[in-house]
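First up is the structure itself, then whatever we jot down about it.
Model, not experiment: these values are computed from the prediction. Each ligand, and each atom within it, is numbered from 1 in the order the structure gives.
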Amino acid sequence: MPVNSDVPTVEEGSTGTETKDGLPVNELFYSLQGEGKIAGMPSVFVRTSGCNLRCWFCDSFHTSWDPTHAWLDVDAVINRVTDYKKANHVVVTGGEPLLHDETTNLLDRLSDAGYHTTVETNGTIYHDTSIDLVSISPKLASSTPTAAKDPQGDGEWADRHADRRIDIDTLCQLVEAYDFQLKFVVTDRDDMAEINRLVDRLRDAADAVIRDSDVLLMPEGSTRERLSETRELTAEVAMEYGYQYTPRLHVELWNDAPET
Ligand SMILES: C[S@@+](CC[C@H](N)C(=O)[O-])C[C@H]1O[C@@H](n2cnc3c(N)ncnc32)[C@H](O)[C@@H]1O
Ligand SMILES: Nc1nc2[nH]cc(C(=O)O)c2c(=O)[nH]1
Ligand code: SF4
Ligand SMILES: [Mg+2]
């Protein structure tokens, strides 16, 4: 279901989806989970629009930098999910799906209906809801949209992004409440120092065990061409540090096609 309607005006500093009834849905589709511990699993994806961060590399530009969506109520989302008869897994992603209070209702309803739920989140927002796997992707300094890297402006989001991207208390809440994976986007070997520091801080602060196998390294790249530049380096550092490498199966299979 491509969704492309009702584009809001984006004020400076807004998430791009100020409140209205229902959920701002950018796309809803059936694919294979491409990333993480359950990569390969047939899954329905619900992609909400609006984000509190602005990674320069965001592969979902139309949920963050230029949010586009239709407003769907939870019943409508559930109806569309149940159209995919073979799916037992639902991935709720974005944008930042936990920005929207209504996402908690969606997750509770999906769980009541018997689905396994994964939430893909940047780890800056906590909600008490029905999540079987929280896939946390904390954003590293290398994700900051500096003037040189900003995809559409002059670095206006850089400070706000840098201030918001890591919130240790919220990361602790998430790993304490749910089964989790910590999925870091690797752009360069230099990212490893920050990843190790953050994992150490979390191990100190959180009342949950964080195994090396809960730490996943994912190569940056939203195209096959870019992935071919980052994946060997990412595989090497995964072996060096004992963390798990995660592919981006959907990019390998379908490149940057929408609804994959
Ligand atoms: C679009 S984000 C949506 C969920 C949430 N906002 C987040 O960042 O975790 C979905 C996943 O794609 C990853 N991602 C986004 N752009 C990427 C890129 N260019 N290369 C690799 N991973 C990327 C994010 O880190 C996250 O794990
Ligand atoms: N196939 C596929 N797997 C994914 N896993 C996480 C995704 C996301 O955008 O959050 C994603 C995605 O966009 N497509
Ligand atoms: S946090 Fe996620 S959705 Fe938001 S800009 Fe970064 S990658 Fe995109
Ligand atoms: Mg994606």
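Ranking the protein heavy atoms by distance from atom 25 (O) of ligand 1 puts S137 OG, 2.8 Å first. Ranking protein heavy atoms by distance to atom 17 (C) of ligand 1, first place goes to F57 CD1, 3.6 Å. The single protein non-hydrogen atom nearest to atom 11 (C) of ligand 1 is E35 OE1, 4.0 Å, given as residue, atom name and distance. Here the heavy atom of the protein found nearest to atom 22 (N) of ligand 1 is R248 NH1, 3.2 Å. Nearest protein heavy-atom contact of atom 15 (C) of ligand 1 is D59 OD1, 3.4 Å. The protein heavy-atom contact nearest to atom 10 (C) of ligand 1 is T93 OG1, 4.0 Å.
A heavy-atom separation below 4.0 Å is not found between S135 and ligand 1.
For the pair E220 and ligand 1, the shortest N or O to N or O distance falls below 3.5 Å. At under 3.5 Å, a nitrogen or oxygen of K139, whether backbone or side chain, sits near a nitrogen or oxygen of ligand 1.
Side-chain contact between T129 and T103: absent, with no pair of heavy atoms (C-beta onward) separated by less than 4.5 Å. In this structure the side chain of V215 never reaches within 4.5 angstrom of the side chain of Q244, judged on heavy atoms. You'll find the side chain of S60 stays beyond 4.5 Å of the side chain of T93, heavy atoms only. The shortest side-chain heavy-atom distance between L217 and I195 falls under the 4.5 Å cut-off.
By the ring-ring contact (aromatic ring centres under 6.0 Å, His included) test, H116 is found to be paired with H89, residues two or more places apart in sequence or in another chain being considered.
Applying the ring pair (Phe, Tyr, Trp, His ring centres under 6.0 Å) test to residues at least two apart or on different chains, none of the pairs has a partner in residues 159-201. Within the structure, ring pair (Phe, Tyr, Trp, His ring centres under 6.0 Å) pairs that include any residue of residues 216-239 do not occur (at least two apart or interchain).
A salt bridge is defined here as a Lys NZ or Arg NE, NH1 or NH2 lying under 4.0 Å from an Asp or Glu carboxylate O, and R54 with D150 fails to meet this definition. A salt bridge links E229 with R226; the closest basic N to acidic carboxylate O contact falls under 4.0 Å.
Distances from atom 13 (C) of ligand 1 to the heavy atoms of R47, K183, M218 put M218 nearest. Closest to atom 5 (C) of ligand 1 by heavy atom, among G123, G95, G221, S64, is G95.
A heavy-atom cutoff of 4.0 Å around ligand 2 is satisfied by the protein residues S31, L32, Q33, G34, E35, F45, R47, T93, E120, H250, T260.
If you check the side chains of E120 and S135, you find a donor sitting under 3.5 Å from an acceptor.
At a 4.0 Å heavy-atom cut-off, ligand 1 touches P219 through the backbone alone.
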